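What follows is a set of notes on a single structure, which appears directly below.
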Number of protein chains: 2
Amino acid sequence: MTAPERGQATILDVARLAGVSRTTVSRVLNEPERVTPDTLAKVRAAADRLNFVPSAAARSLRNGRTGTIALLVGDVSQPFHGGLAKTISHEADDLGYSVMLYDLAHSETRLRRVLEKLPKQGVDAVVLATADALVEPETLQALDVLHEHGIPVLTTVDRDDARHALSLGFDYREPARAATSAMAGSGHGPVALLVGEGIGPLGRQLVAGYLDALSPGAPELVVETPYDFDGAQAAAAALLHRSSVGGILAATVPMAIGAIRAAEARGLRVPGDLVVLSGEEVPLAAQVRPAITTLSAAAERNGHAIMRLLADALAGRDAPRPPLEAELVVRESFVPTR
Amino acid sequence: MTAPERGQATILDVARLAGVSRTTVSRVLNEPERVTPDTLAKVRAAADRLNFVPSAAARSLRNGRTGTIALLVGDVSQPFHGGLAKTISHEADDLGYSVMLYDLAHSETRLRRVLEKLPKQGVDAVVLATADALVEPETLQALDVLHEHGIPVLTTVDRDDARHALSLGFDYREPARAATSAMAGSGHGPVALLVGEGIGPLGRQLVAGYLDALSPGAPELVVETPYDFDGAQAAAAALLHRSSVGGILAATVPMAIGAIRAAEARGLRVPGDLVVLSGEEVPLAAQVRPAITTLSAAAERNGHAIMRLLADALAGRDAPRPPLEAELVVRESFVPTR
DNA sequence: TTGTAGGCGTTATCAG
DNA sequence: CTGATAACGCCTACAA
């Protein structure tokens, strides 16, 4: 009776119980085909009986990889990030990876602290799913350190700041231009853009597209707001107070909802007096009233795309990445005339 | 020049560069006070210069702990779980822990697979934040295994199935009773209960409270629906089609929204013709129209409470846990008469 | 096909 | 106060 002392059973306990050597047990775990069906069964039985689970720590120490990816997200409680986290969790699981979740609360300080402890945590890859701007040099340096350690970094949006990062290549500029121009064409009045404060790489694309679409003489109404409902609602209220606005392009769905509520509070009806459009697509957009028209940058699709990129990166393949394209998902808040 | 070969610098590299032994370096890391200020500075400088980060794998292998907790959640893309994940992520960070996120998609198979690989992943604690029923014996067995391995399991709701789990002790039965009774008192007609399919421990509490409140002869309208908007909307549509209903108590906010949309589709107005109440409190409840009255089982508060429990468990303390209490957060969808 | 032996980077024990 | 040494559990040449 080789009872494994209380606690984990080790590969050695299994070996003893099965009457073989550690090597054989290890082989059963990693290259089952190179082992006699007979011993294989014996070992498997022993492992089962001891409830054996190989130690991840020992394994990582030995072969460098941890089977873990880090997911850094601006705010998981926001629907887009939540959806992203969900699909990434599922697909990582399919790939045999586990996901470390870090909620950044849109704070660069937090991001930096996380980035700095990541090499020590020993993750195999990092998914940086925030559209926030990175201004502090330490942050970029931390990203470089990851690169030096050979840890691939994937981002959801193209960012010039994180040089070595692999990104999806989603283009938001042209969709933003088209959307702005369509909204302007609805004849309600000037179009405004609500974008996350700090204006990160995504925000820049939206602003660029928005400005592209503005006809000469049209007012440039770019408003930075916090990423959530409350912030956007307040900002939209202020905006509507000081300018006459006929259309609002909001970066996120919660921001769009905030804008709609602000409009309602002023007695404006959507889409009757004011049209609203969101840059991201999440189920919630269809569930609120008025339902929100979006640019179809869907969380789920982004999640899939990211994970494909990640699988390639982890396998050391060069990822051929077909750029993602956006199309309008028309709902109540804005029905383009044509 | 003891250049650390490309890749991570090890404790040995630091030792050599500082002209001391590994032991001393380790001490500087873990018990700085037991080292001469002089050598301490020397070692710190060397570590800095080499960009040294201790290997988490080696550390775990040596001392058993990983600094990681697992968060198992029914569906992160749902607002309640998203909020929970957010606060748990933040507080774990404050405690020096990292969070592994596992999205279960409300699937027990998935849950079982995760539970079985957790001991191998080497987590220090598990937060099981799902209200789903656990029916397969293997699942419960996997929970027992965790317990045998000395890994504490915390749950958001009391569950008789997971014997060894520490839970918040939140009582949903009495609030459900009070709410049902209040809604019945609104005089719109019979009250129905929309609860997650499978009826887990939370569902059972809701059902019990609901039944407690029913006056003799009142119809028992308990409807199981998927946990999301779409499922609840469909179920509510069917319910409204076959019964006359004056009030709906929905377990989650998305379910409540689904119910409201279903009612609207039949020409019913909320709260004019039908009142609606949700069992959980999330910001979204205040953002939709009609805004949803809730029982204030707030994601954030739950997250805090869980983490306090967890901190105690990890420190080996016995947690004195004051039970959480619910109170009505009154919004548009149901204003109790009094 | 199976076994032997050494080391991955840390920390704990025990000397000095 | 500091250093040598032996584990932690696993994988992988290499040898049998």
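Proteins come first, then strands; the chains are lettered A, B, ... in the order of their sequence lines, and each starts at number 1. Predicted, not measured: the structure shown is a model, and the values here were computed from it. We use all heavy atoms of the structure for the numbers below, so side chains are in, but hydrogens, waters and symmetry mates are not.
Per the geometry, CG belonging to B/Leu12 stands 9 Å off P belonging to C/dT10, to the nearest Å. At whole-Å resolution of the value, CD in A/Glu31 and P in C/dT2 are 13 Å apart. Distance, B/Asn63 CG to C/dT13 P: 12 Å, rounded to whole Å. Put simply, CG on A/Leu61 is 9 Å from P on C/dT10, counting in whole angstrom units. Taking atom CG of A/Leu40 as the reference point, atom C1' of C/dT1 lies 12 Å away to the nearest angstrom. In this structure, B/Arg65 atom CZ and C/dT10 atom P are separated by 16 Å, rounded to whole Å.
Contact of the B/Thr68 side chain with the A/Met100 side chain is registered, since non-hydrogen atoms from C-beta on lie closer than 4.5 Å.
For A/Thr155 (side chain) and A/Asp158 (main-chain N/O), no donor-acceptor pair under 3.5 Å exists by modelled atom type.
Heavy-atom contacts from other residues, nucleotides or ligands closer than 6.0 Å to CD of A/Glu108 number more than 12.
With a cutoff of under 4.0 Å to any heavy atom of chain B, the contacted region of DNA chain D is bounded 5' to 3' by D/dC1 to D/dG9.
Using a 4.0 Å cut-off between a side-chain N of Lys or Arg and a carboxylate O of Asp or Glu, A/Arg110 and A/Asp103 do not qualify as a salt bridge. Salt bridge present: B/Lys117 and A/Asp93 bring a charged side-chain N and a carboxylate O closer than 4.0 Å.
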Derivation and outcome, salt bridge (charged side-chain N to carboxylate O under 4.0 Å, His left out), residues A/Glu116 and A/Arg113: CA-CA 5 Å; A/Glu116 280 166 357; A/Arg113 283 214 330 266; over 6 Å; no
Carefully, step by step, assess A/Asp75 and A/Leu104 under the rule side chain to side chain contact (heavy atoms under 4.5 Å, CB included). CA-CA 6 Å; A/Asp75 180 353; A/Leu104 305 175; over 6 Å; no
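Residue whose closest nucleotide on DNA chain D sits further toward the 5' end, between B/Arg27 and B/Ala58: B/Arg27. Where B/Val20 and A/Arg59 each meet DNA chain D at their nearest nucleotide, the meeting point lying more 5' is that of B/Val20. Nearer the 5' end of DNA chain C, as judged by each residue's closest nucleotide, is the contact made by A/Val35, out of B/Phe52 and A/Val35. Along DNA chain C, the nucleotide nearest A/Arg22 and the nucleotide nearest B/Arg22 are compared for position; the residue whose nucleotide lies closer to the 5' end is A/Arg22.
Between the side chain of A/Arg62 and the base of C/dG9, no donor-acceptor pair under 3.5 Å is found.
Residue-level contact check: B/Ser55 touches the backbone only, with heavy atoms under 4.0 Å from sugar-phosphate atoms and none from bases. The residue B/Ser60 sits apart from the nucleic acid: no heavy atom pair falls under 4.0 Å.
Note: A/His106 and A/His81 have tilted aromatic rings, judged against thresholds of 30 and 60 degrees for the angle between ring planes.
Contact record, B/Asn302 with B/Leu168: O-CD1, 3.9 Å, taken as the closest heavy-atom pair.
In this structure, of C/dT10, C/dA5, C/dA12, it is C/dA12 that holds the atom nearest to the side chain of B/Thr23.
Terminal axes of the helix from C/dT1-D/dA16 to C/dG16-D/dC1 (five pairs each, C1' rotation axis) are separated by 40°, to the nearest 10°.
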